[in-house]
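The model shown is predicted, which means the values in this text are computed figures rather than measured ones.
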Amino acid sequence: MDADFGRRRFLGYVLAAPTLVAAADFRPAAGALPSPQPSKLLDLNAVLTAAALPTSGLITVDVNADGTVSFALPRAEVGQGITTSTAMVIAEELGVPVERVRVTLAGARPELVFNQLTGASNTTFSTFTPIRVAAATARLRLLEAAAARFGTPVAGLSLRAGVISDGGGRRVDIGAVAERAASSRTLQVPVTLSPPGQFTVIGTPRTRVDARDAVTGRKAFTMDLPVDGAKPTMVCRPPTINGTVRSVANLAEVRAMPGVTDVVVISTGVAVRAETFGQCIDGVRALRVSWKPGTAEGKSDDTVLRELALAELPLGPPPLASTVEGKFTFRFRGNSALETNCAIADVRPGRAEVWSALKSPIVAQETLAAKLGLPVSAVTVHVVEGGGSFGRKLFFDAALEAAETSQLIGKPVKLMWHRADDVRQGRVHPMATSRVRIAHVGGTVLGYEQRHTSVATDLGHGFGEIVTALAARLPVVDLAFSEVFFVLSQTVPYDFGAVSQLLSETGKGFNTGSMRNVYSPDVTCARELVVDKLAAKLRRDPYEFRRDALGDDRARAALTAVAEAGNWGRPMETGTAQGIAVHSEYHSTSAALVEIDCRPATVNRPVRDGVAGPRVTKVVFAVDVGLTVNPRGLEAQVMGAVMDGIAQTLTSSLHLRDGAFLEASWDNYFYTRQWNTPPELEVIILPDSSDQPGGAGELGVAASMAAVACAYGRATGVTPTEFPINHGTVSFEPKPTVPPVPASPVNGIGQAQ
């Protein structure tokens, strides 16, 4: 943005093209990253936005001759609804119906550098202004072209619903002047953005632009793509985490099985290519493989806990004050999206082409090129819409396997992971412990300390490169990538005096990932439970104590909203209770009120091959994301996040035994089921508190998890310290690890959970 321009005045580019193409002009000043505040470190979202800003001018809005508007979004749509919110932003600033905006996903574009990473709730935050500037630039050029056509001043024209009018009855569709609005050379033009008070699209609830296709089956995911010659492919995987092939006794026998076209040893197992996925499963199950040990050989939950205890950083010297403390354990959790890992690859001599739902396609392209021994320019990476991610698709394991297999056999492949692969060999949320100590004198809190110890989170998906590039401008010194991520994403919203939050990591033998909300659910849950303990010690109401301690008006408003809407403090039966919690991150804030039923009749109700446990009966969730682009989309995000929070508190975990996880599918990995979904769920979207959007995609997990934990503690009279609370009970018969996947069911009878 030009330094001489105000908040809504920007410079845009009209690019040389046959029809109208417009982009933003962003030239960030050297001090684009704000200095750290004494009570709060620089926000991770600001870091990602600053990294993306220099190449924002390479993102263009195209106006076509048929009156539609095209935009290739350099982010991944994986169900969070960003294609819809992006279409709304363009429609608002350009003056066209949302239905006319065609948002597609850009393939890997190395020239974007750090501007093609989807994560940390950063998409709308970082693209909001650049997209608006590009759209406003296009709008101005269209008005100028219409003014020339009508022979009238631009000031006398209006553009609404894709039609330009002069007030005297003359009208022209934007498509009819798109070519005239184009330029044979690149031009720089000043534009003024619409003030929020004049928004007619942004802030209105909109159904997703892909909703009809999704519910009618027309929406195309990776496995739906008709890539010529690409046949189903699956991998026989080791019985322990990251084991490798020593030998295969019957390759020729499996190659001769019905439908099987190829069987080849790859770095992660043995790949089977066949005419159908059922035949792939048959081939995988028939293989007799001798395996080398994996990276977690012999490890179990208990051995990992001992490693975490040894890695824990000490708290500071005992304060000369009273303290309240707590230590909490958070088990491994699966990161299996509805769509399993999958990719299509066609690798031929001198070139490669890959299709997959990728949230870091530039890093994927670079890694694929190195693995295949090709220049980056010879590897084409297509970003496909994905069926869920929650951080999982920041990694591109399936794309690497598909490319390796295709190169070895010389044929295109359509590779899909089995659900058992996803659970046992996929990315997991690391096991962690969190120790909290709050020092106080009477009702005055003097200090807050937290030591979070975790199995290492793999951040090798592009974040590390951003940290390296901006290291000199970050308010951290000599910290590892994960520690930088931690300190820039965690904050304590209360006025608790001196705050110290530190991360220590250990155990790099696991496949981990930045699962939705990364460190925040565990860190916030531990904090809010100790806040409850402090309130009880001081004989204060948990809600009133939090309200008085909060140092932020927005967080206080969210807390007050859920307390009032949820009728905080109402009389409840023995064994039931309310819990309340607050969480702020990425320029957004939230609060949750939860009611839980821990009565024996509920806890002990029969569930086939499962542990029923407590039932969350009511959730009220309030959220303030600064400026809400699509309230309906935000509500959906929060609802999903609440289900994540319930699962992580009550039911969802992986059991590690002898280097392998016992769970092998969703029939024994207990994400929130219908019998644990709250009958009452209210989402309160608070009035806009900014003219810029904050992060929303991950925001709801931490507050809901913490509120459920606090409600459980109040209902039972015992503060929970192990999560999920039912981890100690294995309620199912573990599936075998050899063969690695179960047989294909003949039908679905008796299979439903």
- Measuring from Ser652:OG to Glu663:CD, what's the distance to the nearest 0.5 Å? 9.5 Å

- Is the cationic atom of Arg540 (NZ for Lys, CZ for Arg) positioned less than 6.0 Å from the six-membered ring centroid of Phe545 and within 45 degrees of its normal? no

- Quick one: pull up CG in Leu656 and CG in Asp301 and give me the separation to the nearest 0.5 Å. 5.5 Å

- Is the backbone N or O of Ala456 less than 3.5 Å from a side-chain atom of Ser454, with the two atoms forming a donor-acceptor pair by type? no

- Message: To check you understand the geometry: which heavy-atom pair defines the closest contact between Ala696 and Gln637, and what is its length?
- Response: O-CB, 4.4 Å

- Task: Answer yes when Glu449 and Arg435 have at least one side-chain N-carboxylate O distance shorter than 4.0 Å, and no when they do not.
- Result: no

- Query: Just by modelled atom types, is the Gly659 backbone N or O under 3.5 Å from a matching donor or acceptor in the Thr240 side chain?
  - Reply: no

- Item | Shortest non-hydrogen contact between Phe670 and Ser731, atoms and distance | CE1-OG, 3.6 Å

- Chi angles and distances behind the side chain to side chain donor-acceptor pair (under 3.5 Å) call for Asn517, Glu585: CA-CA 10 Å; Asn517 225 192; Glu585 68 176 18; 3.0 Å; yes

- Does any pair with a residue in residues 634-665 pass ring pair (Phe, Tyr, Trp, His ring centres under 6.0 Å), and if so which ones, sequence neighbours excluded? Phe332-Phe661, His655-His727

- Would you mind checking if Asp532 and Arg546 are paired as a salt bridge, meaning a charged N to carboxylate O distance below 4.0 Å? yes

- Message: Between Arg547 and Asp541, does any NZ, NE, NH1 or NH2 come within less than 4.0 Å of an OD or OE carboxylate oxygen?
- Response: no

In a table with atom names and distances, give each donor-acceptor pair under 3.5 Å that connects a side chain of residues 701-713 to protein atoms at least two apart or in another chain.
{"residue": "Ser704", "atom": "OG", "partner": "Ala641", "partner atom": "O", "Å": "3.4"}
{"residue": "Ser704", "atom": "OG", "partner": "Gly700", "partner atom": "O", "Å": "2.7"}
{"residue": "Ser704", "atom": "OG", "partner": "Val701", "partner atom": "O", "Å": "3.0"}

- Query: With under 30° as parallel and over 60° as perpendicular, where do the rings of Phe328 and Phe330 fit, or are they tilted in between?
  - Reply: tilted

- Got a salt bridge between Asp597 and Arg605, using NZ or NE/NH1/NH2 to carboxylate O under 4.0 Å? no

- Verify side-chain contact (heavy atoms from CB on, under 4.5 Å) between Phe277 and Met234, making sure each step is shown before the conclusion. CA-CA 7 Å; Phe277 281 110; Met234 298 183 76; 3.8 Å; yes

- Message: What's the separation between atom NE2 in His429 and atom OG in Ser653, rounded to the nearest 0.5 Å?
- Response: 12.5 Å

- So CZ of Phe732 and CG of Leu662: to nearest 0.5 Å the spacing works out to 5.5 Å

- Within the side chain of Arg437, is there an N or O that forms a donor-acceptor pair under 3.5 Å with the backbone of Gly316? yes

- Any donor and acceptor pair, going by atom type alone, linking the side chain of Arg427 with main-chain N or O of Thr512 inside 3.5 Å? yes

- Nearest-0.5 Å distance that lies between atom OG1 in Thr329 and atom NZ in Lys327: 6.5 Å

- Item | Flag, side chain of Ser590 to backbone of His583, donor-acceptor distance under 3.5 Å | yes

- Item | Check against side-chain contact (heavy atoms from CB on, under 4.5 Å), Ile241 and Thr295 | CA-CA 6 Å; Ile241 296 170; Thr295 55; 4.1 Å; yes

- Item | Distance, nearest 0.5 Å, that separates CG of Leu650 from CG of Asn676 | 5.5 Å

- Message: Keeping Arg673 on the side-chain end and Tyr671 on the backbone end, is there a donor-acceptor pair under 3.5 Å?
- Response: yes

- Message: For Arg392, is there an ion pair with Asp397 - N to carboxylate O distance below 4.0 angstrom?
- Response: yes

- Spell out, as yes or no, whether a donor-acceptor pair under 3.5 Å connects the side chain of Glu722 to the backbone of Pro724. no

- Message: Check whether Ser504 reaches the backbone of Thr453 with its side chain - one donor and one acceptor, N or O, closer than 3.5 Å.
- Response: no

- Message: Strictly distance-based, threshold 3.5 Å: is any side-chain N or O of Glu698 a donor or acceptor partner for the main-chain N or O of Ser520?
- Response: no

- Task: For the pair Thr576 and Glu595, evaluate side-chain contact (heavy atoms from CB on, under 4.5 Å) and give the outcome as yes or no after the intermediate values.
- Result: CA-CA 7 Å; Thr576 67; Glu595 292 186 0; over 6 Å; no

